[in-house]
Amino acid sequence: MTNEYASRTTAGRRLDAAFYRRDDVLSIARELLGKYLVTHIDGRHSAGRIVETEAYRAPEDRACHAYGNRRTPRTSTMFEAGGVAYVYLCYGIHHLFNIVTGMEGQAHAVLIRAVEPADNLPLMLERRSFERPRPQLSAGPGVLTVALGIRTRHDGSSLIAPDSPIWVEERESAPADTAIVAAPRIGVDYAGECAAWPWRFYLEKSKWVSKK
DNA sequence: CGAATGATCGGCT
DNA sequence: GCCGATCATTCGA
């Protein structure tokens, strides 16, 4: 793997429109575990192995920003065809990265909650002002975006286009179903009964998950 | 225009 | 475990 921005060399198979543009966001959230989130941002390459995700699905999901298929300037990205980034500012501080899925008009998305450092660890440490790797480097939706250089300016960015700054690729065989835990999502207590739905998925044995 | 509110994090008790 | 930071977004007046 190279760290040169000019090179688009990949270590695996980039996920395509057919992967993202499916109706079942829960399956996609599961299948993203073990895939690699790659960024070429500010002329620099980095990547992390996805170990924790959450699914959000309008219209019935009260935790989803597009609950009831509510279209606002912010949520419009979620209604695009699958394969683009939905990035928004949370608590005025944190940039949270989601992957839009489904067909155009379906507001479905997968929040990436944690990654294990994969490519260019020194850069990820630098972006977080860390001396040495430890889980807080990239375990959590607000910190992994810092480690990978993702910001709200990437909202709406394609994950499919050949020159896109962010994409996901497959580098290894999928984890066994028994290695995956399904649990309620984090931080959505305001969402009533939806808060209990087990739409959070993580690799049970990973040390890089935000919360067990 | 004013006010409320977060799909979080890190520091402090 | 608790709590404040910090601001774009949203909604209501």
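Just so it is clear: chains get the letters A, B, ... in the order the sequence lines come, proteins before strands, and each one is counted from 1.
The main-chain N or O of A179(A) is never found under 3.5 Å from a side-chain atom of E204(A) such that the two would form a donor-acceptor pair. With hydrogens and angles ignored, the 3.5 Å screen pairs a side-chain donor or acceptor of S76(A) with a backbone N or O of P73(A).
Y56(A) carries R185(A) over the face of its six-membered ring, with the cationic atom under 6.0 Å from the centre and within 45° of the normal.
Of the residues in residues 135-147 of chain A, those with a non-hydrogen atom less than 4.0 angstrom from any atom of DNA chain B are G140(A), P141(A), G142(A), V143(A). Listed by residue number, the members of residues 54-65 of chain A with any heavy atom below 4.0 angstrom from DNA chain C form an empty set. Taken residue by residue, residues 181-208 of chain A places no heavy atom nearer than 4.0 Å to DNA chain C.
For the pair R30(A) and D24(A), the salt-bridge criterion is not met [side-chain N within less than 4.0 Å of a carboxylate O]. A salt bridge links R22(A) to E31(A): at least one charged side-chain nitrogen sits closer than 4.0 Å to a carboxylate oxygen.
Clustering ILVMFWY residues whenever any of their side-chain heavy atoms sit less than 4.5 angstrom apart, transitively, puts V168(A) in the very cluster that holds I180(A).
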Considering only distance and modelled atom types, tabulate donor-acceptor pairs under 3.5 Å from the side chains of residues 62-70 of chain A, sequence neighbours left out.
unit_1	atom_1	unit_2	atom_2	d
R62(A)	NH2	Y190(A)	O	3.4
H65(A)	ND1	Y86(A)	OH	2.7
R70(A)	NE	H65(A)	O	3.4
R70(A)	NH2	H65(A)	O	2.8

Cut-off 3.5 Å, no hydrogens considered: what does the side-chain donor-acceptor table look like for residues 146-159 of chain A, sequence neighbours left out?
unit_1	atom_1	unit_2	atom_2	d
R151(A)	NH1	G149(A)	O	3.1
R151(A)	NH2	D42(A)	OD1	3.2
R151(A)	NH2	D42(A)	OD2	3.2
H154(A)	ND1	R151(A)	N	3.0
H154(A)	ND1	R151(A)	O	3.2
D155(A)	OD1	T77(A)	OG1	3.4
D155(A)	OD1	V87(A)	N	3.1
D155(A)	OD2	T77(A)	OG1	3.1
S158(A)	OG	I160(A)	N	2.9
S158(A)	OG	A161(A)	N	2.9

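First and last contacting nucleotides of DNA chain B toward chain A (any atom under 4.0 angstrom from a heavy atom, 5' to 3' order): dG6(B) to dG10(B).
In this structure, F79(A) has no ring-ring contact (aromatic ring centres under 6.0 Å, His included) partners at least two apart in sequence or on a different chain. Evaluation of the salt bridge (Lys or Arg N to Asp or Glu O under 4.0 Å) rule for R113(A) yields E52(A), E54(A) as partners, not counting sequence neighbours. The ring-ring contact (aromatic ring centres under 6.0 Å, His included) test applied to W199(A) returns W197(A), not counting sequence neighbours.
Pairs of residues two or more places apart, or lying in two chains, that qualify as salt bridge (Lys or Arg N to Asp or Glu O under 4.0 Å) and include a residue from residues 125-145 of chain A are R44(A)-E126(A).
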Under 3.5 Å for both distances, Watson-Crick or G-U wobble, that's the pair rule; now give the dot-bracket for DNA chain B, with | marking pairs to another strand and [ ] for crossing ones. ||||||.|||||.

Once each nucleotide of nucleotides 5-13 of chain C is scored for protein heavy atoms under 4.0 Å, what B/S/- sequence comes out, 5' to 3'? BBBSSSS--

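Base engagement by L111(A) is indicated by at least one non-hydrogen atom pair under 4.0 Å involving a base atom.
Here the closest non-hydrogen pair linking M78(A) and A109(A) is CE-CB, 3.7 Å.
The only member of E170(A), E172(A), E116(A) that meets salt bridge (charged side-chain N to carboxylate O under 4.0 Å, His left out) when paired with K35(A) is E170(A).
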When you look at R171(A) and D119(A), which way does the salt bridge (charged side-chain N to carboxylate O under 4.0 Å, His left out) test go after all the steps? CA-CA 12 Å; R171(A) 297 183 180 181; D119(A) 299 350; 2.9 Å; yes

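Side-chain contact between K211(A) and V209(A) is absent, with no heavy atoms from C-beta onward closer than 4.5 Å. Two residues are said to be in side-chain contact when any heavy atoms from C-beta on lie closer than 4.5 Å; P141(A) and F97(A) fail this criterion.
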